[in-house]
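Quick note on labels: first sequence line is chain A, next is B, and so on, each numbered from 1.
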Number of protein chains: 2
Amino acid sequence: MKRINPSHNCKDELNEVELRATPARIAVMDLLEKTNLPVDATMIKDHLDKHHIDTDPATVFRILNMFLEKGLIKQISFNEGKFRYELANREDHHHLICQTCGKIEDISECAISELEKDIKKKKGFIVSHHTLEFYGVCHDCQKNQNYI
Amino acid sequence: MKRINPSHNCKDELNEVELRATPARIAVMDLLEKTNLPVDATMIKDHLDKHHIDTDPATVFRILNMFLEKGLIKQISFNEGKFRYELANREDHHHLICQTCGKIEDISECAISELEKDIKKKKGFIVSHHTLEFYGVCHDCQKNQNYI
DNA sequence: ATGGTTGCAAACACTTTGCACATGA
DNA sequence: TCATGTGCAAAGTGTTTGCAACCAT
């Protein structure tokens, strides 16, 4: 196993949550920080392969579940029959998912917090978090007319 | 195979979208209409078993995919590693998912349409639909104090 | 009658688990 | 050193597919 980029502070981040800084974990953190977009286990595995970090899917999932437990990442689903993961310590944001090319964009504006207060008042339901995703056709795909 | 309740108009609904009205399909429609809440394939299978309609999971999924294609139902995901399904012809609404007891409530108010216009203007992204789900603790579970 | 539907079995994709070996602190 | 992590293989879910038999129209 080789380490991708020893210059990062991923090691410290991991130690902070009492996780040993192994090459695979550092590389996963690295990818999550670089892309800043939701990735799935296969994409992570590919990233590790590319950097000659010899892993198998089980380890990837174990790393992801460990990160989840420690609150480093969030698990999300875009109705694909699998999970995606992204860093947890990001500002409140949501996604634009292009149904033509699959591209995922972030949007940050969100006026849901008032709705949450309403829900507490009217339903007595305490919201801990929410998911809001928009599906449609992105700008590029509209131009390319490769949508129906 | 026995039919659950021949009094329904499910048969007509199915014929309208050019699907043959088989006992299994009628029973699935029936359940979706009765619960009006998102159910998964296992719950549907259980419902069929209970009514002595002898099916297997493959058929349930084939029925659901057929209903999806015809636009009768919607597929949604609550980050459970599986899909749930609910009738499509319902007013715009979202869900409150209790992380303690798993209960799912509907809420209908939704001020997202303005946000969608904004997204079109700022990002050039055309939204076809969105998903918005709230996770938290429901009223009952707060009372029962079986949450942390 | 006949084409759409189903049951069964097998396969598939994604994720988890058990256990022996390897490794970071 | 030694608890924590990993590789490998196997199993567990959820879902799809091929094919012959079946049944709604």
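Identified under the salt bridge (charged side-chain N to carboxylate O under 4.0 Å, His left out) test for residues 59-72 of chain A, with sequence neighbours left out: none. Within the structure, ring-ring contact (aromatic ring centres under 6.0 Å, His included) pairs that include any residue of residues 92-126 of chain B comprise B:Phe78-B:His95, B:His93-B:His95, B:His94-B:His130 (at least two apart or interchain).
We find the CD1-CD distance between A:Ile76 and A:Glu133 to be 6.0 Å, quoted to the nearest 0.5 Å. From B:Ile107, atom CD1 reaches atom NZ of A:Lys123 across 7.5 Å, with rounding to the nearest 0.5 Å.
Close to D:dT6, at under 4.0 Å from its OP1 or OP2, lies a side-chain N or O of A:Thr22. Considering only side-chain N and O atoms, A:Asn15 lies under 4.0 angstrom from the phosphate OP1 or OP2 of C:dA25.
Residues B:Lys50 and B:Asp46 are not paired through a salt bridge, judged by the lack of any N-O separation under 4.0 Å between the basic side chain and the carboxylate.
In terms of the side-chain contact (heavy atoms from CB on, under 4.5 Å) criterion, B:Lys121 has no residue partners (sequence neighbours excluded). By the salt bridge (charged side-chain N to carboxylate O under 4.0 Å, His left out) test, A:Glu86 is found to be paired with A:Arg90, residues two or more places apart in sequence or in another chain being considered. Shown here are the side-chain contact (heavy atoms from CB on, under 4.5 Å) partners of A:Thr35, two or more places apart in sequence or in another chain: A:Leu31, A:Leu37, A:Val39. Evaluation of the salt bridge (charged side-chain N to carboxylate O under 4.0 Å, His left out) rule for A:Lys82 yields A:Asp40 as partners, not counting sequence neighbours. Scanning for side chain to side chain donor-acceptor pair (under 3.5 Å) contacts around B:Gln99 gives A:Ser128, with sequence neighbours left out. Applying the side-chain contact (heavy atoms from CB on, under 4.5 Å) test to A:Asp56 and every residue at least two apart in sequence or in another chain returns A:Ala58, A:Thr59.
Looking at heavy-atom distances under 4.0 Å, B:Asp40 makes no contact with the nucleic acid at all.
B:Leu132 is listed as a side-chain neighbour of B:Ile112, based on a closest heavy-atom distance under 4.5 Å.
If you check C:dT5, C:dT15, D:dT6 against the side chain of B:Leu19, the one that comes closest is C:dT5. For A:Ala21, whose side chain is taken as the heavy atoms from C-beta onward, the closest listed nucleotide among D:dT16, D:dT6, C:dA25 is C:dA25. Here D:dG7 is the nucleotide among D:dG5, D:dG7, C:dT16 with the atom lying nearest to any side-chain atom of A:Asp56. Among the nucleotides C:dC14, D:dT15, C:dG7, the one closest to any side-chain atom of B:Thr55 is C:dG7.
Distance, B:Ile63 CD1 to C:dT5 P: 10 Å, rounded to whole Å. Put simply, CE on A:Met66 is 17 Å from P on C:dT15, counting in whole angstrom units. Going from atom CZ of A:Arg25 over to atom C1' of D:dG7 covers 14 Å, rounded to whole Å. Atom CG of B:Asp12 is separated from atom C1' of D:dT25 by 14 Å (rounded to the nearest Å). Taking atom CD1 of A:Ile26 as the reference point, atom C1' of C:dG24 lies 10 Å away to the nearest angstrom. Summarising the geometry, the separation between CE on A:Met43 and C1' on C:dC14 is reported as 16 Å, rounded to the nearest angstrom. Protein atom CZ of A:Phe61 is 4 Å distant from nucleotide atom P of C:dT15, rounded to whole Å. Protein atom NZ of A:Lys11 is 12 Å distant from nucleotide atom C1' of C:dT23, rounded to whole Å.
With respect to A:Tyr85, the side-chain contact (heavy atoms from CB on, under 4.5 Å) criterion is satisfied by exactly one of A:Ile63, A:Leu64, A:Leu72: A:Leu64. When each of B:His52, B:Lys45, B:His47, B:His51 is checked for a side chain to side chain donor-acceptor pair (under 3.5 Å) with B:Asp49, only B:Lys45 meets the rule.
Minimum heavy-atom separation, B:Met29 to B:Cys10: CB-SG, 3.9 Å.
The stretch residues 68-75 of chain B has no heavy atom under 4.0 angstrom from DNA chain C at all.
Across its full length, the helix from C:dA1-D:dT25 to C:dA25-D:dT1 shows an angle of 40° between the axes of its 5 terminal pairs at either end, rounded to 10 degrees.
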Using a cutoff of under 3.5 Å, can you pull out all pairs of nitrogen or oxygen atoms linking the protein to nucleotides 17-22 of chain D, with atom names and distances?
from: D:dG18; atom 1: O6; to: B:Arg62; atom 2: NH1; distance (Å): 3.0

List every contact pair, protein side and nucleotides 1-3 of chain D side both N or O, where the distance is under 3.5 Å.
from: D:dA3; atom 1: N3; to: A:Arg20; atom 2: NH1; distance (Å): 3.4
from: D:dA3; atom 1: N3; to: A:Arg20; atom 2: NH2; distance (Å): 3.3

